[in-house]
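Worksheet: one structure, shown below.
So you know, we letter chains A, B, ... as the sequences are listed, proteins then strands, and number each from 1.
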Amino acid sequence: MTSQSAPVEVHDHHDIKPIRKAAMWVFLGSECMFFGSMIATFLLYRNETADGPGAEIFDIPFTSASSFILLMSSLTMVLAHNAFENRDPRATRIWLLATAMLGTTFLAGQVFEFTEFVHKGLTLSTSSFGSAFYMLTGFHGAHVAIGVLMLMTMFYLSFSGRLFDDRGLNVELVGLYWHFVDIVWIVIFTVVYLLQV
Amino acid sequence: MVLDTSKDLVPAQPTGIWSWITTVDHKRIGMMYGVTALVAFFIAGLEALFIRLQLATPNGTILSADAYNQLFTMHGLTMLLVVVMPVGAAFMNYFIPLHIGARDVAFPRANAFSYWLFLGATIMLLSSFVLGGAPDGGWFGYAPLSTQLEEFVRMDYYAIGAQLLGIASIMASANFIATVFTMRAPGMTLMRIPVFTWMAVVVSFLLIFSLPIFGVGLFQMYFDRNFGTQFFSGGGDPLLWQHLFWLFGHPEVYVLILPAMGIVSEIIPVFSRKPLFGYPFVVFSGIAIGFMGFGVWAHHMYTAGLGPVAEAGFGIATMLIAVPTGVKIFNWIGTMWGGKVRFELPMLFSIGFVSLFVIGGLSGVTHSVVPSDYQQHDSYYVVAHFHYVLFGGGVFGFVAGAYYWFPKWTGRFLDKRMGLWHFWLMLLGFNLTFAPMHILGLNGMPRRTYRYGEGLGWEFWNQVATVGSFIIGVSFLIFAWNLIKSRKNGVEAGPDPWDGRTLEWSISSPPPVHNFDEIPIVEHVDDFWHRKYATDEEGRAVRMTDVTGGTLVETDTGGDGSHEEEDMHMPSPSYYPLVAATGITTVGYGLIYAPGAGWVVAGIGTLITMWGVFGWSLEPVTRDEHHD
Amino acid sequence: MAETAHRAHPSPSTYWVIAGILAVVTAIEIAVPSISALDPVKVPLLWALAAVKFFAVVGFFMHLRYEKKLYRTLFFFGVFGVFPLFIVVLLTFNAL
């Protein structure tokens with residue numbers, strides 16, 4: 001008998017962890033479909049620029065830098081998780097904050113990038129290319145923003161000493177979500193940026 | 001609170017409206033799904049009766065074209081997303097934990113949230129009738145029709161309402177998957193799970209991987225309508241919507257039918273007094289249907305011009321999916337073969353299910369043949385086909401489940417005389433309504449036209465269909481009356497009225513809040529049966545005399561008392577799921593009327609949502625309850 | 001049972017090494033489009049590099065290679081399911 005099939009204490013503090021993780025992983029599998037559909041839409045419309053701006057307006061060095069920042073936020077996130085597992089509230093707090101800062105920097109970069117593109121004439125309604133581009137990167141940005149919000153919630157909890165209580169949300173789950181947002185960007189960076197220029 | 005001292009740690013059943021609003025009990029949530037869906041069923045049924053009245057005679061004058069469009073769209077949308085899916089969710093909520101020997105689902109509050117969001121989306125969709133008109137672009141909302149006429153909010157209700165229903169379903173599905181994979185009772189291996197729960201798992205996987213695709217399509221439709229994007233217009237291609245829709249829409253078909261198949265697979269063995277013939281085949285064919293269901297979406301799009309290679313490929317895949325479906329039919333027949341069949345009401349409806357589903361399945365195979373489908377596409381033949389599988393299949397299966405499990409829900413039987421009237425009238429009315437539609441379709445009557453001219457040869461069969469539809473209506477009025485009356489006045493059933501095989505019959509009717517006094521230890525498929533019956537030398541089942549139903553769980557397992565104490569901590573009630581769901585529904589209403597004043601509403605909704613989500617995330621999962 | 005006694009999570013030093021590898025792969029990715037000699041293999045190469053990064057993060061940072069097989073199954077349904085579906089969709093548009 002595996003421990004999976006022995007949930008005698010269903011709501012026991014030790015047992016809820018694998019249950020939550022299973023739900024989180026299946027949710028992330030679902031998110032793959034969500035982003036996959038938008039990536040496919042982008043690929044379908046990658047040349048439908050309606051004589052407006054296309055992929056040539058991408059600023060690869062800039063996007064590379066912001067991609068790198070998001071990638072490194074995964075490192076700080078996993079270090080926060082590591083400190084959390086070691087029950088070290090101070091280190092957890094520092095790495096959580098670092099992750100949130102890197103995520104915010106990425107978002108700021110995205111805001112800057114969108115502003116630039118709009119000035120260059122690419123908007124949501126310019127062309128199917130613009131629609132698909134903004135929808136994909138915009139939904140990704142919204143995921144990052146929600147992630148930052150969750151990180152800051154964890155950060156706040158670390159002060160009240162409730163970080164290690166059994167709650168709906170914990171550092172490990174936030175971490176899984178955050179890494180997922182990062183790997184989605186890994187794909188977007190390749191498919192939308194590098195492969196189109 | 002007065003409690004038996006020996007059961008000091010057993011949580012009592014709370015009462016009152018507030019206890020329902022804050023409930024996280026999977027059984028109550030299941031009930032609420034069921035009741036909501038039943039109300040929606042009557043509304044959508046009424047819409048269908050209006051449609052039939054309009055079509056009863058040539059040049060019908062009862063409905064305008066505009067009203068007709070709204071009614072047929074809402075009939076389809078409501079029946080699929082607000083009736084059949086939630087009825088499935090009702091059964092899953094109630095019986096997954098009971099079938100696997102668990103005290104609740106994995107995330108009781110998320111489960112409550114799923115229900116409240118479903119309710120919010122249902123209210124939203126139905127409120128559209130009085131708030132600017134209901135969706136009128138067909139339940140599959142093909143672009144570019146659905147993205148035109150942006151000054152009307154109708155298809156915005158479709159885009160947002162379906163989106164919210166999708167979010168609710170994804171959460172519920174993740175919940176069920178986590179429950180089944182991590183919370184099974186000791187000894188309940190995957191190949192001992194009751195078939196219904198297996199089908200629930202398959203359905204959850206289908207939903208969790210298909211709904212996000214639909215979600216993207218709905219967002220694109222919404223953006224096209226409100227923010228001038230060009231997903232399906234301009235340089236965009238309306239065909240993309242068809243792909244995104246049917247990538248969801250076809251798995252959805254199996255989402256609708258698999259729970260009914262699961263229910264029937266529970267009922268037929270009980271009333272044949274035989275184990276399900278080929279349990280692994282039934283399970284694996286269900287899984288196969290799940291996988292293959294993802295690979296046949298384009299058979300809805302033969303006339304869109306995908307090219308011969310794609311059409312041939314999807315045609316063959318569609319024919320192949322009939323194989324696992326056929327396997328199940330043979331398993332059900334094999335179960336009845338040589339059994340001691342008792343023609344109780346659940347069994348009658350199950351046999352109805354099998355028979356009608358075979359007819360619907362066979363007309364489905366005729367669609368898989370591409371040249372044949374060219375002729376049938378968008379005709380009443382298609383309408384006949386999918387009503388045979390969804391009504392003849394799905395609804396018959398669910399009604400069978402209702403007659404089967406009503407004693408478990410309430411402790412009382414549904415009245416048999418009324419049930420027989422229900423069954424025979426429903427069977428008669430159903431066939432009178434939908435069988436003629438095959439003929440009408442083959443005679444060229446197109447679907448979704450609000451009237452037809454004289455002299456086309458369609459009058460007679462349309463009249464028959466209209467008469468049939470009202471017979472169905474009468475049969476369901478009898479059903480509703482039976483439900484209301486038997487709830488209080490039905491014959492008392494006891495814990496195990498049908499001589500059942502699965503764990504839910506081992507506990508009292510209705511079940512206690514905590515389901516199982518002690519978590520059962522499972523040793524067989526149909527474990528409860530094996531506790532009641534031994535096998536003699538000739539393989540016949542012999543009832544063991546020293547046990548009685550209802551107390552078996554206690555007598556069968558030896559637990560140690562210290563464990564029991566911890567077991568009884570049930571999740572605390574919470575109103576945050578309702579708050580969060582209210583917030584998201586408010587955001588939805590705001591988005592429908594965005595841009596403009598809608599943004600304000602959406603902003604308020606966001607704040608309510610955050611209140612709900614933060615309160616929810618930060619409150620403890622269980623609160624220590626002290627009874628002394 | 002043994003299968004659930006999953007391996008211990010890696011130490012912080014492993015995380016830094018993985019981060020270093022990710023940084024190097026990213027540098028290669030950025031360089032690839034500017035090297036004209038690689039043009040014929042550019043598309044598969046960039047996909048492969050993205051896959052390396054993807055699975056490095058999933059395997060190490062998300063600990064998937066140290067966890068129960070169940071989680072892997074649940075997640076990979078989504079990851080590997082999405083490809084065939086949308087390859088077919090894009091093929092019907094002749095857009096690949």
Side-chain angles (χ1 to χ4, degrees), chain A residues 1-13 15-16 18-27 29-38 40-41 44-45 47-50 52 123-132 134-136 139 149-150 153 156-157 162 165-170, chain B residues 102-104 106-110 170-171 173-175 177-179 181-189 204-205 208-213 215-217 219-220 223-224 227-231 233-237 240 244 247 519 559 563 566-567 569-571 610 614 616-622:
Chain A
M1 228 173 295
T2 66
S3 69
Q4 292 172 35
S5 57
V8 178
E9 297 118 86
V10 165
H11 297 288
D12 180 83
H13 294 232
D15 234 11
I16 189 84
I19 303 178
R20 279 184 193 158
K21 275 203 271 183
M24 191 62 178
W25 278 109
V26 79
F27 170 71
S30 174
E31 287 269 72
C32 287
M33 288 290 178
F34 185 73
F35 282 103
S37 308
M38 288 192 288
T41 305
L44 180 61
Y45 294 151
N47 298 320
E48 300 290 342
T49 53
T123 66
L124 201 58
S125 53
T126 313
S127 60
S128 299
F129 171 82
S131 305
Y134 282 114
M135 184 185 185
L136 173 56
F139 267 104
L149 209 60
M150 294 200 290
T153 310
Y156 163 76
L157 279 183
R162 295 187 298 166
D165 290 2
D166 181 42
R167 292 180 194 280
L169 203 61
N170 69 23
Chain B
R103 291 245 152 84
D104 207 316
F107 308 100
R109 288 176 300 173
I170 286 180
M171 290 202 59
S173 303
N175 211 337
I177 289 172
T179 308
F181 281 107
T182 61
M183 294 175 58
R184 300 191 303 278
M188 180 62 88
T189 58
S204 301
F205 274 107
I208 220 156
F209 294 121
S210 67
L211 276 167
I213 305 173
V216 168
F219 275 128
Q220 291 173 344
F223 292 153
D224 265 13
F227 304 120
T229 55
Q230 297 185 24
F231 288 109
S233 58
D237 192 333
L240 177 64
L244 294 178
L247 272 166
I519 299 296
H563 249 94
E566 278 177 279
D567 286 354
H569 286 282
M570 297 306 291
M610 285 174 73
F614 276 105
W616 172 358
S617 310
L618 301 181
E619 78 177 341
V621 176
T622 50

- Query: Under 3.5 Å, is there a donor-acceptor pair between the side chain of A:Tyr45 and the main chain of B:Asp237?
  - Reply: yes
- Would you find a donor on one side and an acceptor on the other, under 3.5 Å apart, between the side chain of A:Ser125 and the backbone of B:Thr229? no
Contact class of [X] relative to chain B, heavy atoms under 4.5 angstrom:
{"X": "A:Leu44", "value": "side chain"}
{"X": "A:Phe35", "value": "neither"}
{"X": "A:Ala50", "value": "neither"}
{"X": "A:Thr126", "value": "backbone"}

- Task: For A:Ala40, enumerate each residue passing the side-chain contact (heavy atoms from CB on, under 4.5 Å) test, keeping only those at least two apart in sequence or located in another chain.
- Result: C:Phe86
- Message: So, using side-chain contact (heavy atoms from CB on, under 4.5 Å) as the criterion, who are the partners of A:Ser30 when residues are at least two apart?
- Response: B:Ile170, B:Ile208, B:Pro212
[X] versus chain A, the contacting section by heavy-atom distance below 4.5 Å:
{"X": "B:Ser233", "answer": "backbone"}
{"X": "B:Asn175", "answer": "neither"}
{"X": "B:Met171", "answer": "neither"}

- Note on the structure: One should read off an interatomic distance between B:Phe231 CZ and A:Met38 CE, to the nearest 0.5 angstrom, of 9.0 Å
- Item | Nearest atoms (heavy-atom pairs only) where B:Ala178 meets B:Ala106 | CB-CB, 3.9 Å
